[in-house]
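Because the structure is predicted, anything quoted here is derived from the model rather than measured. To find a chain, count down the sequence lines: A is the first, B the second, and so on, and within it residues start at 1.
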Amino acid sequence: MDVLRTDGITMQFGGVRAVSDLKLNIQEGEIVALIGPNGAGKTTVFNMVTGVYKPTSGNIFYTKETGKEVNITGKKPSDIAKLGIARTFQNIRLFKDLTVYENVLIAKHLHLKSDFLSATLHLPWYMKEENNDKKEVEELLKSVNLWDIREEKSSSLPYGQQRRLEIVRALATSPKVLLLDEPAAGMNPNETEDLTGFIKEIHDKFKLTVFMIEHHMDLVMDISDCIYVLDFGENIAKGTPDEIQSNDRVIQAYLGVDEDA
Amino acid sequence: MAKKQKLILTILLLIVLFALSWVVNIAMDSYVRRIINLCLIYAIIGLSMNVTNGFTGQFALGQAGFMALGAYVVGVFTVPVKLRASVFYAVPMNPLIANIQLPVWAALIGGGILAAFVAFLIGAPVLRLKGDYLAIATLGFSEIIRIVITNASSFTNGALGIKDIPTLNDTRYIFVATAITFIFISLLINSSYGRAFKAIREDEIAAEAMGIDLYKHKCLAFMISAFFAGIGGGLYAMLLGTVDPKNFLFTLTYNFLLIIVLGGMGSITGSMLGAIVVTAGLEYLRVFDEPLELFGVNIPLFRPGFRMVIFSILLMICVLFWRHGIMGTKEFTWDGAREFVKHPLRMFHRKGVA
C-alpha cells in the first residue's frame, strides 16, 4: 500500500521548473531514497510534501493510520506534521538555545489536547498528558543514548550528535513517515556507517517509512528499497539499487556524456 | 534541592513580600509608595511584553496601545456616575454607557479582555510579518488605538482625558496583581505552550515542521501579552487618577522595551528586576536634575534633564557588560541563589567568555 503518493507534481519558480511532473509511490515500511546532482530539485520535493511549498500543479496523497487516503497538497506544515509526516533539514535546524531534552519535548506539543488555560494552570488532565509526554521522551532518549546529555544545550553538541538529535526530535512527533534531508551531509565514512545503522534501527523499531535525500551512495545503496533519481527536476529513473547502478541515464546525469564517443 | 523545598521557599518569599507590601503601605509616604507601585505596574507590563518579545521572539511594539485600552476601560467605567457630567463637560457621555459603573476589578479584567480582543483582530494581518516589519506595524496599530481614543469623544472624552478615576495607591492590591501576573506567566512559560513559544523564537521553520501552528501560537502569545498590558494600563490609570491619550504615546512602549532588554529578553525574573531598576533608577537619579553647589561653585552640568544623560550612560555600560541583559534568558533559581551565597564571586568569572 502506498503511504505517500504524488500524481505528477510540478513546482515552478518564475521561469525555473524546479520539479516537473514527479510521480512518487512510496510503500509503507520502505526506505526510499531520492538522489540526484546538486540543484536537481530534491529539497523542493521535500518542501512540497511537508507543505512548505504548494505545488504549482499536481496532488500529494497520504494514507492515514486508519487507512484513509487524504489529499495533503498545500496544507500547512504543522497540519502535515500532525498527520504523521516528520522531517529533518539539510542544514541542521535545532532549537539552539534549548537543551537536548527540551528540543525533544517540544516535539510532543503537537499531540497535546489540553487548551492553553488548563496547561498554564497545570490542571490535572494537563499534568497527566505532560507526565506522559515526559515519560515517552525519557524512554526515547534512553533508547538512542542521548539521555545522559539531556541537559546540554543542543548547539553545544558535536556535529554528528546534532544530526542524530534532529532525527530523534522528528521521531518524538510519533510519525509514520520520516523525511531525512541529507542526514549524512558532512560526515566521515565512520560516522556515515553509524548513521546507516541508526536509520535501519529506528526504521525497524518504530515501523517507519523512511524517505531520504542523500549523496553518500554507500549509504543509499546499502539501505534503500527503492531509489528515485532526479535531474533538472525530471525523474530520470526509478528502481532498486541494482537497477539504478546500471542505468545509463543515471550515469550520464552524474558523470556527463562523452561527446567524442 | 528538592522540588517541594523550592516550592515552599517560593511561597514563603511571596508571603514575605506581601507582608512587606503591607508595611510599605502603612509606613512609607505617598511619594515612595507611588514609586514602588509604579515599579510593580511596570513589572506587569514588562512581563507581558516579554511573552511576545522575549519568549516568542516576535518584535512587537504595541504595548502602549494595549495599555491605553485597559486604562480607558477603567477610566470610562469606574468614574462615579454622578461625577460624569463634570468630567464629560465638552461632549456629553454617550447614553449607552453613561449609567454603567463597574466595580474596579471588573473594569480591570474587562480592560484586559478588550485589549486581548483587539490584539486578536490586529494579529491576523500583523503576525504574518517578522522582525522590523512587525515592530513598525504594531507601533502603527498602537498609534491607531490612541488616535481612535482621542477622537471617540463621547466615550473617552477625547483629548481632554478622564479625571476623577477612583485612585488606588495601595501597594497591597498592586502587589497581588503583580504576583498573579508573575505566577501566571511563569506557569505558562513552563507549560507545553511556553515551550512551543520558545521553539518559535528559536526557529520558526523547524517549529512549524514539528507541528506547531505558527499563527495560532503567535496570536495566543500576542493576546496574553495584550491582556496583561491592559491590566497594567488599568492599574496605571488608577494610580494616576486620570487618563489622557498623551499618556500613551508610542514612546511609552520604549520604557518597557528598555525594561525587558535590560532585565533580559526571555527571563521572567529579569523583567521584574528590569522594572525595578529602570523605574526606581529614573526616580532616584533626580538628584542630578537639581542644581548642585560644591564649595560655593555652581556645577553647570546639574540641571533638569541631566539625569537622562547619566541614565543613558549607565544603560550603555549595562548593555556592554551584560550583552543579553542582566539575566539573559536565565531565571533566578533557588539553586542559583544558594550557589551565589556560597561563591559570591563566581558569577564574574565567566564574563569574558560570553
Can you tell which of A/A107, A/S78, A/A170 has the highest number of heavy-atom pairs within less than 4.5 Å of chain B?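 Ranked by contacts with chain B, first place is A/S78.
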
Need one label for B/I212: side chain, backbone, both or neither, based on atoms under 4.5 Å from any heavy atom in chain A.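 When you check distances to chain A, atoms from both the backbone and side chain of B/I212 fall under 4.5 Å.
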
Interface moiety of B/I224 toward chain A, non-hydrogen atoms closer than 4.5 Å: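 Answer is side chain: those atoms of B/I224 sit under 4.5 Å from chain A.
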
Closest non-hydrogen atom pair between [X] and [Y], with its separation:
| X | Y | value |
| --- | --- | --- |
| B/N190 | A/H122 | O-NE2, 4.2 Å |
| B/D213 | A/K76 | OD2-NZ, 2.9 Å |
| A/F95 | B/D203 | CE2-O, 3.7 Å |
| A/K82 | B/G211 | CE-O, 3.6 Å |
| B/M210 | A/T173 | SD-CG2, 3.9 Å |
| B/A206 | A/R93 | CB-O, 3.4 Å |

Decide if atom [atom1] of [X] counts as having more than 12 heavy atoms of other residues, nucleotides or ligands within a radius under 6.0 Å.
| X | atom1 | value |
| --- | --- | --- |
| A/F13 | CZ | yes |
| B/I205 | CD1 | no |
| A/Y159 | OH | yes |
| A/F206 | CZ | yes |
| B/K130 | NZ | no |

Treating B/E202 as the side-chain partner and A/D97 as the backbone partner, does any N or O pair qualify as donor plus acceptor under 3.5 Å?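 Between the backbone of A/D97 and the side chain of B/E202 there is a qualifying donor-acceptor contact (under 3.5 Å).
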
Rounded to the nearest 0.5 Å, what separates atom [atom1] in [X] from atom [atom2] in [Y]?
| X | Y | atom1 | atom2 | value |
| --- | --- | --- | --- | --- |
| A/L117 | B/F184 | CG | CZ | 5.5 Å |
| A/H109 | B/S191 | NE2 | OG | 8.0 Å |
| B/K216 | A/F116 | NZ | CZ | 11.0 Å |

Out of B/G266, B/A207, B/A199, B/A196, return the one with the most heavy atom pairs under 4.5 angstrom to chain A.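 Top option by heavy-atom pairs under 4.5 Å: B/A199.
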
For A/S114, is it the side chain, the backbone, both, or neither that has a heavy atom closer than 4.5 Å to a heavy atom of chain B?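 It is the backbone, since no side chain atom gets that close.
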
